[in-house]
Amino acid sequence: MKKHILGAALIAGIAMGAGAAQAADAAAGKDVFKQCMACHTAEQGKNKVGPSLFGVVGRPAASIDGFKYSKPMQEKAAGGLAWTADNLKAYITAPKEVVPGGTMAFAGIKDAAKVDDLIAFLAEQK
């Protein structure tokens with residue numbers, strides 16, 4: 001009987017641990033966005049050295065009229081790159097791996113939770 005109770009408790013603990021992964025936090029993502037603000041805004045129509053990130057989640061790459069994108073970014077866009085959450089996660093983590101030769105001078109954010117939070121924040125900017 002004790003083995004059954006211990007086994008049930010162990011299974012419940014594993015299940016709770018598996019479900020304990022935290023959802024992305026847009027408020028925390030706003031703080032992460034501070035790293036991006038030297039080059040980007042989240043304001044519609046306001047570009048800096050980098051394009052505005054307003055409405056970026058789901059947007060085709062290199063699609064802001066009037067912004068001068070690098071040739072490698074234009075080529076990725078011509079190949080169908082769109083800023084899905086997964087593509088953004090890969091790009092924010094390692095920009096030079098997603099767009100080799102691109103001009104974004106940022107090494108990336110290695111903390112997956114911070115990247116998820118940032119994407120949650122960007123998803124609200126629309």
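Counting begins at 1 with the first residue of the sequence. All of these numbers come straight from a predicted model, not from anything done at the bench.
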Looking at F67 and V49, what are the two nearest heavy atoms and their distance? CZ-O, 3.2 Å

side-chain contact (heavy atoms from CB on, under 4.5 Å) assessment of Q125 paired with L53: CA-CA 8 Å; Q125 308 311 302; L53 298 179; over 6 Å; no

Could you state the interatomic distance from CG (L118) to NZ (K34), rounded to the nearest 0.5 Å? 13.0 Å

Tell me whether K110 at atom NZ has more than 12 heavy atoms from other residues, nucleotides or ligands lying less than 6.0 Å away. yes

Donor-acceptor under 3.5 Å (K48 side chain, T41 main chain): no

Would you confirm whether T84, through its side chain, and G58, through its main-chain N or O, come within 3.5 Å as a donor-acceptor pair? no

Least distance between heavy atoms, T93 atom then P95 atom: C-CD, 3.9 Å

Evaluate side-chain contact (heavy atoms from CB on, under 4.5 Å) for K71 paired with K76, printing each intermediate quantity in order. CA-CA 9 Å; K71 184 170 179 150; K76 287 289 186 173; over 6 Å; no

Charged N to carboxylate O below 4.0 Å: is that the case for K114 and D117? no

Shortest non-hydrogen contact from K89 toward D116: NZ-OD1, 2.9 Å

Of the non-hydrogen atoms in S52 and I64, which two are nearest, and what is the gap between them? O-CD1, 3.4 Å

To check you understand the geometry: which heavy-atom pair defines the closest contact between A120 and A24, and what is its length? CB-CB, 3.7 Å

Donor-acceptor contact present, side-chain E43 to main-chain F54, <3.5 Å: no

Interatomic distance, F106 atom CZ to H40 atom NE2 [nearest 0.5 angstrom]: 9.0 Å

After noting the C-alpha distance and the side-chain angles of V98 and N87, does the key distance pass the side-chain contact (heavy atoms from CB on, under 4.5 Å) rule? CA-CA 8 Å; V98 175; N87 287 341; over 6 Å; no

Other residues, nucleotides and ligands only: do more than 12 of their heavy atoms fall within 6.0 Å of NZ on K30? no

For the student: nearest non-hydrogen atoms of A61 and M73, plus distance: CB-SD, 4.2 Å

CD1 (I92) and CH2 (W83) are apart, to the nearest 0.5 Å, by 8.5 Å

Enter the distance from L81:CG to S63:OG here, rounded to the nearest 0.5 Å. 10.0 Å

Quick check on K126: does its NZ atom have over 12 non-hydrogen neighbours (other residues, nucleotides or ligands) under 6.0 Å away? no

